[in-house]
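All chains are named by letter (A, B, ...) in the order of the sequence lines, taking the proteins before the strands, and each is independently numbered beginning at 1.
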Amino acid sequence: MNRSEQRMQAQDKFEKISELAKRRGFFWPSCEIYGGVSGFMTFGPLGSVLKRKIEDKFRGFFIRPFGLYEIESSVIMPGKVFEASGHVNHFKEPMIECSKCKRRFRVDHVLQEFAGMSDTETEKLSLQELANEINKRNIKCPECGGDFGESKQFLTMFTTTIGPYSGAVGYGRPEAAQGIFVEFKRLYECARGKLPFGVVQIGHALRNEISPRQGPIRLREFTIIDIEFFFDPEDPRCPLLKDVENESLRLILAENKLKGIKEPVEVTVKEALNKGLIKAEWQAFFMALSKHFLMKLGVPEDKQRFIEKLDWERAHYSVQGFDQEIFLERWGWVEVSGHNYRTNYDLKQHMEFSGVDMRAFKEHEKLVEREEAVVSPILSKIGPAFKDTASEVVRLISNANPKVVKTRFKKQGFYMAGRFKVLPEHVEIIRKEVEERGKHFIPHVIEPSFGSDRMVYIALEYAYKMKEDRVVLSFPRELAPIEMGVFPLVSKDGLPEKTKQVYEMLIDEGFNVDYDESGSIGRRYARADEVGTPLGITIDYQTLKDDTVTIRDRDTWKQVRSKIKGLPRLLHAFFRYKVEFRDLGQLIKS
RNA sequence: GCGGCCGUAGUCUAGUUUGGUUAGGACAUCAGCCUGCCACGCUGACGACCCGGGUUCAAAUCCCGGCGGCCGCACCA
């Protein structure tokens with residue numbers, strides 16, 4: 001497309017928003033003075049406030065009402081963490097390049113497609129083995145028929161070394177989740193040993209994407225919001241479900257996706273669970289909450305859907321996954337959150353790799369008493385028989401299964417404890433009363449995970465309106481970076497001085513206020529509309545007489561007149577949705 | 001990563017084909033005047049050829065490389 005053709009095409013919403021975002025300071029590509037670097041964004045003065053307000057709204061929506069814990073762990077973590085989590089193995093792509101046309105392919109995908117190998121088969125093979133398979137089967141480039149060159153591993157985690165001299169590998173976390181799992185032991189203590197509980201992290205994550213595009217939608221460094229919700233798999237019920245059970249969800253199920261059905265089915269949360277469409281109650285609960293949250297950001301229900309991940313699309317840790325998708329004008333359906341049932345995968349892995357027991361404990365309702373057979377070593381016999389290895393023998397015997405020991409004695413007259421031959425005279429098998437107060441288990445995890453930067457873009461796109469040829473960002477009022485503008489009607493006759501008094505008072509009340517006396521009053525309103533400032537407070541000649549001001553509504557451009565004295569109380573109520581615009585004063589007839 | 005197109009003030013753009021004066025305009029911003037409620041007007045100011053190399057007397061313009069953007073392919077666990 002050449003330039004004039006590009007010009008012919010009307011700007012789409014993404015371009016309009018990008019332009020506005022740059023011009024008014026919401027966000028822009030980072031490091032522009034050095035030519036920019038793809039996949040990194042800087043949030044400007046307005047954008048960082050908007051983002052923080054969205055995240056604070058998230059806190060008020062997901063964290064506070066349910067007593068979830070918010071923590072902040074490090075972005076860089078030792079290699080071990082991601083070996084255990086499976087990311088080192090899964091977060092990379094084996095690539096192979098055609099030596100003729102230079103196109104690149106995923107080696108495993110090529111083998112799956114042209115050698116009929118399955119996902120699980122290719123997963124087991126090393127890079128070298130994958131390359132060997134390509135050679136052995138004489139697979140050529142599917143595009144041009146050329147020969148494949150060498151294959152290379154592309155790790156999509158950012159790698160570094162920790163400390164100046166050590167070779168210790170560290171990775172930038174590709175998700176905040178692992179920072180929660182590795183701290184589970186302490187968090188479980190914070191929860192005073194009770195399940196269920198959830199932990200949230202809002203922080204940066206790094207993914208070295210091959211080719212990020214789409215502005216703030218796909219970044220190499222981004223803000224992720226991960227909730228890890230821990231529960232007892234034997235008690236998977238969600239007591240809060242009744243609050244959301246009649247919410248409807250638009251689901252695109254995996255089975256329908258396979259059949260090529262693109263229309264979502266609309267079911268209530270209750271139906272989805274009863275029909276087994278969603279496996280875990282907590283997952284359904286968080287999905288309903290997420291839908292609601294996005295509505296609060298300005299996205300109507302019919303612009304949202306949940307799409308179930310197919311087996312091979314799911315991450316290595318997930319047994320069921322839904323992506324919450326939002327319709328965006330430029331790209332169609334875009335993922336804003338992922339909802340995965342991670343089971344006990346992560347805790348189990350970290351237990352295995354660290355050797356630390358991270359199981360939860362639950363007491364039985366009643367004390368369980370039962371008799372149990374135990375193998376008890378007779379020390380006076382073992383000592384003389386095994387001398388200096390006796391203590392090792394004792395350890396081995398104590399851990400032995402009494403049933404096995406018994407049958408071995410019966411069948412062969414001895415029992416091999418490791419390399420030691422234990423005779424019946426060395427031990428006695430006794431019955432012992434044991435009291436079982438409870439049991440240990442690894443909790444299961446439901447993970448809702450949100451892209452914070454995407455939510456900023458989504459909020460902008462859904463707020464973007466045109467009114468009489470000018471741009472109005474109709475943010476939900478509590479998201480607006482600037483809450484109100486205060487303007488002197490004209491910049492003379494003492495009006496600016498009076499306006500500054502009102503400004504100081506509102507700042508002191510904790511509002512985000514913008515003072516503007518440049519240009520005409522109409523221009524100031526327009527400037528304010530363009531960044532979504534919900535209210536415009538204008539000081540005019542009448543103010544000097546009776547201490548009243550006009551308040552203008554961003555969306556309707558209607559005005560009311562109100563006493564300065566009562567403003568703080570009214571405005572606080574307004575931003576907490578306790579009163580509406582018309583309640584702020586006497587309507588001015590225009 | 002590959003291929004195609006592209007890169008000029010804060011933003012949008014003219015100029016690039018055919019190298020040549022002080023790189024032009026609009027909007028925005030700032031200052032002053034004006035201004036009694038929706039981007040008013042007047043005057044002025046600030047402000048740009050993505051980076052590096054090459055060709056040439058001379059490069060925004062031509063060539064090479066890099067970086068960045070858009071589209072398509074691939075990728076987005």
Test side chain to side chain contact (heavy atoms under 4.5 Å, CB included) applied to A:Met455 and A:Ile326, A:Val336, A:Leu460, the passing residue: A:Val336
Pairing partner of B:C67 (Watson-Crick or G-U wobble, both distances under 3.5 Å): B:G7
Note, A:Asn208 side chain near A:Arg220 side chain (heavy atom, < 4.5 Å): yes
Nearest-angstrom distance from the residue atom CZ of A:Phe40 to P of B:G69: 11 Å
Closest nucleotide among B:G68, B:C38, B:G1 to the A:Ile210 side chain: B:G1
Pairwise C1' distance, B:A45 and B:G7 [rounded to whole Å]: 28 Å
Closest-nucleotide 5' rank along RNA chain B - winner of A:Gly36 and A:Glu530: A:Glu530
Cation-pi check, A:Arg250 onto A:Phe306 ring (under 6.0 Å, within 45° of axis): no
Closest nucleotide among B:C70, B:U11, B:A77 to the A:His87 side chain: B:A77
Separation of B:G68 P from A:Gln214 CD (nearest whole Å): 16 Å
Aromatic A:Tyr317 / basic A:Arg342 pairing, under 6.0 angstrom, 45° off normal: yes
Between B:G36 (C1') and A:Asp493 (CG): distance, integer Å: 10 Å
Nucleotide forming a Watson-Crick or wobble pair with B:A59, both distances under 3.5 Å: none
Proximity of A:Phe293 and A:Phe58 rings by center, below 6.0 Å: yes
Nearest-neighbour nucleotide for the A:Arg470 side chain, B:A77, B:C70, B:A39 considered: B:A39
A:Arg523 side-chain N/O to B:U29 phosphate OP1/OP2 under 4.0 Å: yes
A:Ser38 side chain near B:G68 phosphate (N/O to OP1/OP2, under 4.0 Å): no
Shortest side-chain distance from A:Arg527, nucleotide among B:U11, B:C37, B:C30: B:C30
Options B:U35, B:C70, B:A77, nucleotide nearest the side-chain atoms of A:Phe91: B:A77
Listed nucleotide nearest any side-chain atom of A:Arg213, set B:A39, B:C40, B:C71: B:C71
Among B:G36, B:G1, B:C37, the one nearest A:Ser211 by side-chain distance: B:G1
Pairing partner (Watson-Crick or G-U wobble, both distances under 3.5 angstrom) of B:C46: none
Base B:U35 to side chain A:Ser491, donor-acceptor N/O within 3.5 Å cut-off: yes
